[in-house]
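What follows is a single structure, written as structure tokens, with notes after it.
Side chains included, hydrogens not; waters and symmetry mates left out as well; all remaining heavy atoms used. All residue numbers in this chain count up from 1 along the given sequence.
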Amino acid sequence: MGRWNRFMVVVLGILLVSWGGPAASAFWGSLTSGPAAAKADALAQGAKPATAVNGTTVTLTWAASTTTAGRPVTGYSIARYGSATGGIRVPATGGCAGTVTGPGCVESNVPAGTWYYSVTPLLSAWQGPESIRSDVTAPVTDTTAPLAPAVTAPSYVHQGNVAGVPVSGTAEAGSTVVLTVTGAGAQPLTQTMMANGSGNWTAAPLNLSAFSEGAISYSARATDAAGNTGPAGTAASTKDVTAPTVTNVQLNNFSLGVLGRIDKGDSLTITFSEDIRGTSICSTWPATGTQTLGNGGQVAVHIDQNDLLTVTAGGCVLNLGTVFLGADYTSTALSFSGNGMGNGTTPNYSSLAWSGNRITITLGAGPSSAGTVASTSVFPTYTPASGLTDTATNPLVPGSVSGTPSRF
């Protein structure tokens, strides 16, 4: 063959190879005959792969492919299907993703189910026919346990929620969540629910009336669709359904004042059976801790002509109630407040202090027109405001309470 003819064979061969585009099978041929003519060549169909399954890992092996003329291929493209015929082609992932150079690969974290794999040989920009699909794989199983669910429960179980305690949380989407509630005095409660597509779950409101007061524990475990059960997620509440009461009301005479007369420095102490929620006393106070209102004219103590003591304060909505002093201290309205330290030892300002189960009201500067009470059998009476609660938000037992015999 002359040089021109050989050139035409190459050109036409390139045209034939390129005609089908990147997805076409590679093919080379000659348009002439003779000793120098090129031999026809093409990519053969890929070999049917064999599979082995271990949990969510599938190992594939297959016979190496060549062209019909014996040329080695440059790689393989691996895919899987959910059925033996038809179905959607899913490109393999992990070690079987992209172009695999050797006759084997391992795909990890395969979704649960049964799969049929195929192998397509590649030579540069060309690909051969896809192989016959593998026999069905052994079922790919999910062996990874779900994470511990997050559990959200109220800090306190109290009178207002004990018959319907809300508990919710998050877990692996689609998993089955088993919630167990334990505490003293009753058998554990269990409830089963499904986490939705976003992983959220909500228990039906729980009636925890049978449990004793004290610690309540919540434990939730998630089981996925493959039957894997994960570790427990936990939460805790304190059950307190006992209403607080007033246990004492006492008038305290300031040592530098006149016994039996209302003076600057005299104080009133109200004691409760348990800690009172600070927020229920003063709107800006925390639920627990200690707080004091005082200097800067924040607090004013008022005693009316009927010897009824009330308190007003700036900086918060005050919810306290009234105290009847139990004796005829005054026939005119009195008010005690002020700023600064006065004589340097006794504050001029009135103050309101809260510490756990005790409220103390201390009188600041005020008029000296009050009378003197000689009797020692003076019983102050406290009438609390509605809305006072303990730390668990149980409301204070209503009604007036007489205190210890005492006087300013």
Side-chain angles (χ1 to χ4, degrees), residues 150-169 181-186 189 203 205-219 234-250 267-294 298-299 310-323 351-362 381-404:
V151 183
T152 301
S155 297
Y156 290 95
V157 175
H158 50 78
Q159 292 178 8
N161 68 7
V162 65
V165 178
V167 181
S168 60
V181 185
T182 57
L189 295 179
L206 298 161
N207 188 340
L208 304 186
S209 301
F211 289 102
S212 302
E213 291 194 339
I216 302 291
S217 298
Y218 309 87
S219 175
T234 60
S237 298
T238 298
K239 182 178 178 182
D240 176 3
V241 293
T242 301
T245 60
V246 178
T247 58
N248 194 29
V249 185
Q250 183 169 327
S267 63
L268 162 68
T269 303
I270 305 169
T271 306
F272 303 87
S273 60
E274 58 181 299
D275 288 357
I276 296 299
R277 191 176 185 88
T279 308
S280 72
I281 304 169
C282 174
S283 59
T284 59
W285 285 356
T288 60
T290 61
Q291 292 287 320
T292 300
L293 291 175
Q298 290 179 298
V299 175
T310 57
V311 181
T312 58
C316 76
V317 176
L318 192 62
N319 187 51
L320 189 59
T322 62
V323 177
S351 64
L352 172 66
W354 157 68
S355 178
N357 70 331
R358 181 168 296 176
I359 295 173
T360 302
I361 301 163
T362 303
T381 301
Y382 174 50
T383 303
S386 62
L388 288 173
T389 72
D390 63 12
T391 305
T393 72
N394 297 302
L396 184 72
V397 172
S400 301
V401 177
S402 292
T404 300

For this session: For Asn394 and Asp240, indicate whether the former's side chain and the latter's backbone hold a donor-acceptor pair under 3.5 Å.
Result: yes

For this session: Please determine, by modelled atom types, if Ser400 and Thr383 share a side-chain donor-acceptor pair under 3.5 angstrom.
Result: yes

Problem set entry | Residues Val181, Ile216; criterion side chain to side chain contact (heavy atoms under 4.5 Å, CB included); working and verdict | CA-CA 7 Å; Val181 185; Ile216 302 291; 3.7 Å; yes

For this session: Look only at the side chain of Asn319 and the backbone of Ser283, and say whether a donor-acceptor pair between them is shorter than 3.5 Å.
Result: no

Exercise. Do Lys239 side-chain atoms and Gly183 backbone N/O form a donor-acceptor pair below 3.5 Å?
Worked result: no

Problem set entry | Under the side chain to side chain donor-acceptor pair (under 3.5 Å) test, residues paired with Thr269 that sit two or more places apart | Asn252

Exercise. Checking Asn357 side chain against Phe272 main chain: does a donor-acceptor pair fall under 3.5 Å?
Worked result: yes

Seminar exercise, completed: Heavy-atom closest pair (Thr292 atom, Ser351 atom, distance to 0.1 Å) is CG2-CB, 4.4 Å

Exercise. OG1 of Thr288 to CD1 of Ile276: how many Å apart, nearest 0.5 Å?
Worked result: 13.0 Å

Exercise. Shortest non-hydrogen contact from Ser402 to Thr381?
Worked result: OG-OG1, 3.5 Å

For this session: Decide yes or no for Ile270 and Val323: does some side-chain heavy atom of the first lie under 4.5 Å from some side-chain heavy atom of the second?
Result: yes

For this session: On the 0 to 90° scale, with breaks at 30° and 60°, tag the Trp285-Trp354 ring pair as parallel, tilted or perpendicular.
Result: parallel

Problem set entry | Distance-only polar pair, side chains of Asp275 and Thr391, donor-acceptor under 3.5 Å | no

Problem set entry | Qualifying residues under side chain to side chain donor-acceptor pair (under 3.5 Å), relative to Asn207, sequence neighbours excluded | Ser209

For this session: Would you check if the side chain of Ser273 reaches a backbone N or O of Thr245 as a donor-acceptor pair within less than 3.5 Å?
Result: yes

For this session: Could you tell me whether the side chain of Thr247 and the main chain of Thr271 form a donor-acceptor pair under 3.5 Å?
Result: yes

Exercise. Side chains of Ser237 and Tyr218: do they bring a donor and an acceptor to under 3.5 Å?
Worked result: yes

For this session: Mind checking the CD1-CD1 spacing from Ile281 to Ile359? Nearest 0.5 Å is all I need.
Result: 3.5 Å

Seminar exercise, completed: Here the gap from Leu388 atom CG to Leu320 atom CG, rounded to the nearest 0.5 Å, amounts to 7.0 Å

For this session: State whether the side chain of Gln298 and the backbone N or O of Ala313 hold a donor-acceptor pair below 3.5 Å, judged by distance alone.
Result: no

For this session: Look up atom CZ in Phe211 and atom CG in Leu189, then write down how far apart they are to the nearest 0.5 Å.
Result: 4.0 Å

Problem set entry | side chain to side chain donor-acceptor pair (under 3.5 Å) against Thr242, all qualifying residues, sequence neighbours excluded | Glu213

Exercise. Within the side chain of Thr284, is there an N or O that forms a donor-acceptor pair under 3.5 Å with the backbone of Cys316?
Worked result: no

Seminar exercise, completed: Residues Pro154 and Val165: closest non-hydrogen pair is CG-CG1, 3.7 Å

Exercise. Between the main-chain N or O of Thr393 and the side-chain N or O of Asp390, is there a donor-acceptor pair closer than 3.5 Å?
Worked result: yes

